[in-house]
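Okay, so here's the structure we're looking at.
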Amino acid sequence: MAGGNFTEKGKEYPGKMTVFVFLACLVASSGGLIFGYDIGISGGVTSMDPFLLKFFPSVYAKEQEVVETNQYCKFDSTLLTLFTSSLYLAALVASLFAGYITKSCGRRVSMLGGGVIFLAGAILNGLAQNVTMLIIGRIFLGIGVGFSNQSVPLYLSEMAPAKMRGMLNISFQLMITIGILAANLINYFTAKIPGGWGWRVGLGLAAVPAVIMVGGSIFLPDTPNSLVARGKPEKARVMLRRIRGTDDVDLEFDDLVAASDATEAIVKNPWSTLLQRRYRPQLAMALLIPTLQQLTGINVVMFYAPVLFKTIGFGGTASLMSAVITGLVNMIATFVSIATVDRLGRRKLLLQGGTQMILAQFVLGTLIAVKFGTSGVAEISRPYAIGVVFCICVFVSAFAWSWGPLGWLVPSEIFPLEIRSAAQSAVVVFNMTFTFAIAQVFLMLLCRLKFGLFYFFGAWEVVMTLFVYFFLPETKGIPIEEMDTIWGQHWYWKRFVDDGSSNKVEMTSTAV
């Protein structure tokens, strides 16, 4: 598959899309499986009666009350949400340490460590005898997620040719959706296991994606960018030749070395460097993109899907099947992003997806309001239930080809080398902070805001769509070592980039 790596002057780095790069990125993106599987499995097991009876008996008792009980508040339990959200708190903390390990030891080592720790968490959860053991296992899972989410997007962006960086990076999100779908299917079938121990199978099978990630990481090569940054230029040149499929890599290699040399000259502490005025655009994106991604409400839908469907009147098995349907839509729609992101660009997908999510969210809120009102008491017919599932699928599909994959892609490709590991850690920190916060308060908000919760997320989707329109420049086809140019051309961000420009990383090579 022919391709080129464009420079800011319109020239190309020689090279093509090689089978080696494709396979390396495919293996690395398996890190998304562990994140996606956990998102899907959590909501499923928390809707299973045997799981609730063993670990959260008060929630089980409330669920068994007659239908006249306010449906919005059936699952409102701080301890239950702590089970789900503890993972994201652990991932938040772990990502801070992962940034240092990724920078000093390489992307591959960080992925390997994350996979091993996630495997330990899966074993603990599958064998859990009490809530303490359950939550400790979740913390281990969270550490693994923190490491993989910090290192995998960087790895993919650094390995890929610029023209195909979007497609290859989105393979991470595709693996997340595959993990979610697999977990939803496992939830559906294990819920039927006689004896009520199916939840153990679901939680324990998280070991499978962990083993895939560990095994793959052992054999993965490290990126040329990381090798140069760690003082291994000759290995980096050899690797660059291998991944570009050509010996003519001098131009791209010289730019990598120039960026690394400048990094060593100006950076003592990447965290303090990230806070400097000239990196204000990147810092804003590191904060706002992952934060707004979570304020779409997608994780509410995905890891609470069975609980959500059960809350609005679906039976236990029906709620799990509805979650399978949304998981399937999520995975299929991600292929739309893979096929179009490097052709249409990031902005068009984000704007279209944001608009579609706004419409779906407000229609969904209205459907719930009409049926359940503020009392939360209603019978829901089959046609009405199908309408609710359809609206959720419209919402999920929009997220899956816009803010889902691009919420990871855009931050991973916009940071210069000198702050890349620290900035990606910041991305994961903000992502996990808001994932934790929303997971922790969702059931409480559903109980108090009722159908208004959908309008709440819809309002945030309006904000995020306006943010993209006014503040996010297009990044398709631009080599990550030359991404600084987009900020200097932007109507708002150029005021920050222009200041202190003498300290910027300058490329020493010239196109021939």
Side-chain angles (χ1 to χ4, degrees), residues 20 22-45 86-88 90-91 94-95 97-98 101-102 105-128 133-156 159 168 171-190 193 197-222 302-303 327 331 334 408 428:
F20 178 73
F22 177 79
L23 292 177
C25 289
L26 184 64
V27 171
S29 63
S30 66
L33 284 175
I34 66 174
F35 190 27
Y37 186 88
D38 184 80
I39 290 173
I41 211 70
S42 301
V45 297
S86 58
L87 179 146
Y88 304 101
S95 64
F97 299 97
I101 293 175
T102 300
C105 301
R107 285 59 166 141
R108 186 185 69 84
V109 170
S110 188
M111 287 187 280
L112 178 61
V116 170
I117 297 172
F118 190 93
L119 178 60
I123 295 171
L124 277 174
N125 271 185
L127 299 175
M133 192 173 176
L134 198 66
I135 291 179
I136 291 173
R138 293 285 293 175
I139 291 173
F140 274 73
L141 295 177
I143 295 172
V145 167
F147 272 80
S148 65
N149 285 8
Q150 199 279 338
S151 55
V152 172
L154 287 185
Y155 185 92
L156 297 174
M159 288 291 281
L168 290 176
S171 62
F172 176 66
Q173 178 67 19
L174 177 63
M175 290 296 182
I176 292 177
T177 65
I178 292 173
I180 292 172
L181 177 60
N184 288 336
L185 286 169
I186 289 169
N187 283 331
Y188 180 74
F189 288 108
T190 57
I193 293 177
W197 50 271
W199 60 268
R200 288 196 183 276
V201 177
L203 293 178
L205 283 177
V208 175
V211 169
I212 293 172
M213 184 177 175
V214 170
S217 297
I218 291 173
F219 298 102
L220 278 178
D222 224 329
M302 296 316 295
F303 62 64
M331 185 188 74
T334 303
W408 293 105
V428 178

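Not measured: the values here are computed from a predicted model.
- To the nearest 0.5 Å, atom CG of residue Leu87 and atom CZ of residue Phe35 are 7.5 Å apart.
- Taking the side chain as every heavy atom from C-beta outward, Ile41 and Tyr37 approach each other to under 4.5 Å.
- When every heavy atom of Met159 is checked against every heavy atom of Asp222, the shortest pair comes out as SD-O, 4.5 Å.
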Could you walk me through whether Val152 and Trp408 pass side-chain contact (heavy atoms from CB on, under 4.5 Å), step by step?
CA-CA 10 Å; Val152 172; Trp408 293 105; over 6 Å; no
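- Remark: Arg138 CZ to Tyr88 OH distance equals 6.0 Å, nearest 0.5 Å.
- Atom OG in Ser30 sits 12.0 Å away from atom CG in Leu174 (nearest 0.5 Å).
- Under the 3.5 Å distance criterion, the side-chain polar atoms of Arg108 are matched with a main-chain donor or acceptor of Ser217.
- Proximity of Met213 to Phe118: side-chain heavy atoms (C-beta onward) are nowhere separated by under 4.5 Å.
- The two atoms that bring Cys25 and Ser171 nearest to each other are O-OG, 4.1 Å, heavy atoms only.
- With a 4.5 Å cut-off on side-chain heavy atoms, Asn184 and Asn187 count as touching.
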For Leu134 and Leu203: C-alpha separation, side-chain torsions, deciding distance, then whether side-chain contact (heavy atoms from CB on, under 4.5 Å) applies.
CA-CA 10 Å; Leu134 198 66; Leu203 293 178; 4.0 Å; yes
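- Under the 3.5 Å distance criterion, the side-chain polar atoms of Asp38 are left unmatched by any main-chain donor or acceptor of Ala206.
- Considering CZ of Arg200 and CG of Leu205, their distance stands at 13.5 Å, rounded to 0.5 Å.
- Of all heavy-atom pairs spanning Leu119 and Ala207, the tightest one is CD1-CB, 3.5 Å.
- The nearest pair of heavy atoms linking Val145 to Ala91 is CG1-CB, 4.3 Å.
- Atom CD1 of Ile101 is separated from atom OG of Ser95 by 11.5 Å, given to the nearest 0.5 angstrom.
- Looking at heavy atoms from C-beta onward, Val214 lies in side-chain contact with Leu112 at the 4.5 angstrom threshold.
- Pairing each heavy atom of Leu127 with each of Met133, the nearest pair is O-CE, 3.6 Å.
- Ser110 meets the side chain to side chain donor-acceptor pair (under 3.5 Å) test with Thr102; sequence neighbours excluded.
- Here CE of Met175 is found 4.5 Å from CG of Leu26. Values are rounded to the nearest 0.5 Å.
- Inter-residue side-chain proximity for Val27 and Phe219 is flagged as unmet; no heavy-atom pair is nearer than 4.5 Å.
- In terms of heavy atoms, Pro209 sits closest to Leu33 at CB-CB, 3.7 Å.
- Met111 has its side chain within reach of Leu220: a pair of non-hydrogen atoms, C-beta onward, lies under 4.5 Å apart.
- Few gaps surround CZ on Phe20; more than 12 heavy atoms of other groups in view lie less than 6.0 Å from it.
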